[in-house]
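First the proteins, then the strands, lettered A, B, ... as listed; each starts at 1. Basis for what follows: all heavy atoms, side chains included, without hydrogens, waters or symmetry-related copies.
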Protein chains: 2
Amino acid sequence: MSTTLRPAGETRAGDVLARMRSDIISCALKPGTKLRFETLKELYEVSFSTLREALSRLVAEGLVVAEGQRGFLVAPVSLFDLNDLTDVRVLIERQCIRLAIDRGDDRWEADIMANFHRMDRLQSRLGASYYLSDDWAALHGAFHFSLVVACGSPNLLEIRQKLFERAHRYRRMSSQFRPQWRAKDVEHKMIMDRVIARDTATAQDLVERHIRETTENVIAHASHLFAQGGDSFGRRDPVAAE
Amino acid sequence: MSTTLRPAGETRAGDVLARMRSDIISCALKPGTKLRFETLKELYEVSFSTLREALSRLVAEGLVVAEGQRGFLVAPVSLFDLNDLTDVRVLIERQCIRLAIDRGDDRWEADIMANFHRMDRLQSRLGASYYLSDDWAALHGAFHFSLVVACGSPNLLEIRQKLFERAHRYRRMSSQFRPQWRAKDVEHKMIMDRVIARDTATAQDLVERHIRETTENVIAHASHLFAQGGDSFGRRDPVAAE
DNA sequence: AGGTTTGATTATTTCGAAAATCCGCAGTAA
DNA sequence: TTACTGCGGATTTTCGAAATAATCAAACCT
């Protein structure tokens with residue numbers, strides 16, 4: 001499971017939260033799985049209350065759903081959710097990019113290049129199967145984050161981060177079946193170039209295409225996974241007020 | 001405090017969650033307040049673990065912040081946060097309106113009119129101080145929700161709802177100092193008319209103005225409250241990655 | 001035979017005590 | 001005086017058992 005071995009720093013519940021989040025995103029805990037307390041207690045070596053706290057927070061992040069008095073389960077995946085998620089991500093990411101280009105300074109530009117370089121180097125070191133690596137995924141996430149960090153909006157960044165993580169779960173679902181990923185590195189370089197050139201419109205369009213094409217790839221390679229669950233696939237009730 | 005007395009239906013933690021959320025939004029629990037467990041245990045008549053679960057969820061909703069191993073406190077307010085919140089709300093709400101107008105059907109239109117009517121009637125019944133009423137606030141929330149419910153995006157609606165609640169806290173902060181609110185009902189009617197007429201551009205602009213003017217009113221009447229806390233006011237560190 | 005109620009089993013939810021951690025203060029040394 | 005260190009009290013965090021609710025199946029009634 002998760003290889004995070006940092007007992008210090010924060011609370012134990014916070015540690016379990018981070019590990020569970022990682023395990024859900026990486027699909028070590030599969031979508032739709034019932035989360036039984038006894039099982040989890042063994043897996044993460046903590047007690048009921050601590051688990052409950054971690055689960056509660058994951059519910060609010062949308063990675064776990066709570067069913068009345070019938071426990072928790074890993075948030076199911078569906079074609080509908082993936083498409084909806086993609087549309088919302090495009091909206092948020094375009095705004096982030098726009099603001100970041102408006103407000104970013106030299107230090108921001110340098111940070112982007114540094115992050116790209118690290119991602120790029122690891123990519124060539126890992127070869128064709130880089131997309132399976134959790135380390136690469138972390139650097140990939142850091143690169144995309146560095147592009148928008150200068151937007152200056154904590155709220156926007158927080159929303160973006162949660163959506164990014166949920167989307168990562170879908171990417172991860174499909175990656176184990178995908179023989180080879182397309183040349184994302186070229187796209188990343190183009191996005192970086194347009195962002196640093198402060199070419200807002202083009203940068204936004206490139207990022208939107210980047211997101212949408214990834215979603216299309218996921219659907220092409222992993223859509224058969226959505227049907228297996230039985231429930232929660234296809235169109236959801238659109239009047240799902242909270 | 002909260003007058004919600006429905007012990008049945010959901011779990012006790014869910015009940016406490018709802019009551020605390022209500023109390024924070026209505027400023028019965030003031031921004032920046034330290035949330036001591038002993039105090040809360042008396043207030044809500046539950047035990048540590050149950051409180052902890054409710055608090056954890058509120059953290060993820062942005063209404064409470066957790067400080068390492070030093071407990072929880074009601075999320076502080078600040079001019080910076082209010083402005084940021086407003087900008088993000090405008091982005092989200094404009095998109096919701098656009099999609100709802102695209103996708104809404106007759107039933108949706110009827111629902112909007114019904115909600116407006118209920119809000120409008122209560123408003124005239126309450127007279128000049130309607131903005132102090134929690135009941136009116138609930139109907140006001142329901143009206144705005146009905147405008148966008150047809151957007152068909154669960155993710156968008158969920159984000160919108162959380163932002164709306166956080167904004168409501170700011171509205172509430174200022175309402176106790178505001179001698180009289182401007183004629184919001186006229187604005188609401190105009191928004192409804194343009195939405196039902198499927199006049200997307202105008203409806204979006206009206207909603208944006210509605211949100212921004214409310215924020216300006218809050219700042220005009222309650223900005224002095226932001227300074228009292230001492231910390232967390234004015235510009236925040238823009239590189240506040242999570 | 002089909003459907004419903006009852007009761008045993010399993011899982012979740014809640015509780016309050018015990019362990020771990022933090023904060024303030026006094027005492028000491030530089 | 002200022003900075004560092006160790007103790008006492010208060011608060012948070014964690015734990016596992018007890019209470020509560022849901023599930024499943026067998027027996028019962030229609």
ask   = Roughly how many Å is it from CD in A:Glu67 to P in C:dA11, rounded to a whole number?
value =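 Distance check: A:Glu67 CD to C:dA11 P gives 16 Å.
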
ask   = Between A:Arg12 and C:dA20, does any side-chain N or O lie under 4.0 Å from OP1 or OP2?
value =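 Negative; the distance criterion is not met.
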
Inter-axis angle, terminal five-pair segments of the helix from C:dA1-D:dT30 to C:dA30-D:dT1 [nearest 10°] =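 The helix from C:dA1-D:dT30 to C:dA30-D:dT1 shows an end-to-end axis angle of 20°.
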
ask   = Can you list the residues that meet the salt bridge (Lys or Arg N to Asp or Glu O under 4.0 Å) rule with A:Asp111, with sequence neighbours excluded?
value =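 With neighbours one apart ignored, the set is empty.
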
Nucleotide N/O to protein N/O under 3.5 Å, stretch nucleotides 18-25 of chain D:
| from | atom 1 | to | atom 2 | distance (Å) |
| --- | --- | --- | --- | --- |
| D:dT23 | OP1 | A:Arg70 | NH1 | 3.4 |

Pairs of donor and acceptor atoms involving the side chains of residues 53-60 of chain A, under 3.5 Å and at least two apart or interchain, shall be tabulated with distances.
| from | atom 1 | to | atom 2 | distance (Å) |
| --- | --- | --- | --- | --- |
| A:Glu53 | OE1 | B:Arg52 | NH1 | 2.5 |
| A:Glu53 | OE2 | A:Arg57 | NH2 | 3.0 |
| A:Glu53 | OE2 | B:Arg52 | NH1 | 3.1 |
| A:Glu53 | OE2 | B:Ser56 | OG | 3.4 |
| A:Ser56 | OG | A:Arg52 | O | 2.7 |
| A:Ser56 | OG | B:Glu53 | OE2 | 3.4 |

message = Suppose the criterion is salt bridge (charged side-chain N to carboxylate O under 4.0 Å, His left out): which pairs have a residue in residues 32-50 of chain B, not counting sequence neighbours?
response =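 Qualifying pairs: none.
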
ask   = Looking for any heavy atom pair under 4.0 Å, which part of the strands does B:Leu40 touch: base, sugar-phosphate only, or nothing?
value =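 Here B:Leu40 touches no strand at all.
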
Taking side chain to side chain donor-acceptor pair (under 3.5 Å) as the test, write out the residues that go with [X], two or more places apart.
| X | result |
| --- | --- |
| A:Thr33 | none |
| A:Arg212 | A:Asp87, A:Glu208 |
| B:Asp134 | B:Arg172 |
| B:Glu109 | B:Arg198 |

message = With the threshold set at under 4.0 Å for non-hydrogen atoms, list the residues of residues 49-57 of chain B touching DNA chain D in residue-number order.
response =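 Correct list: B:Ser49, B:Arg52.
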
Any residue meeting ring-ring contact (aromatic ring centres under 6.0 Å, His included) with A:Phe164, in chain and number order, not counting sequence neighbours =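 Per chain and number, A:Phe164 pairs via ring-ring contact (aromatic ring centres under 6.0 Å, His included) with no residue.
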
inquiry  = Given D:dT11, C:dT12, C:dG16, identify the nucleotide with an atom nearest to the side chain of A:Lys34.
reply    =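 Of all the options, the side chain of A:Lys34 is nearest to C:dT12.
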
task = Have a look at B:Glu61 and tell me which of B:Lys162, B:Arg169, B:Arg166, B:Arg21 forms a salt bridge (charged side-chain N to carboxylate O under 4.0 Å, His left out) with it.
result =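 One option only clears the test, and that one is B:Arg21.
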
Any residue meeting side-chain contact (heavy atoms from CB on, under 4.5 Å) with B:Ser133, in chain and number order, not counting sequence neighbours =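 For B:Ser133 the side-chain contact (heavy atoms from CB on, under 4.5 Å) partners, ignoring immediate neighbours, are B:Leu126, B:Asp135, B:Trp136.
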
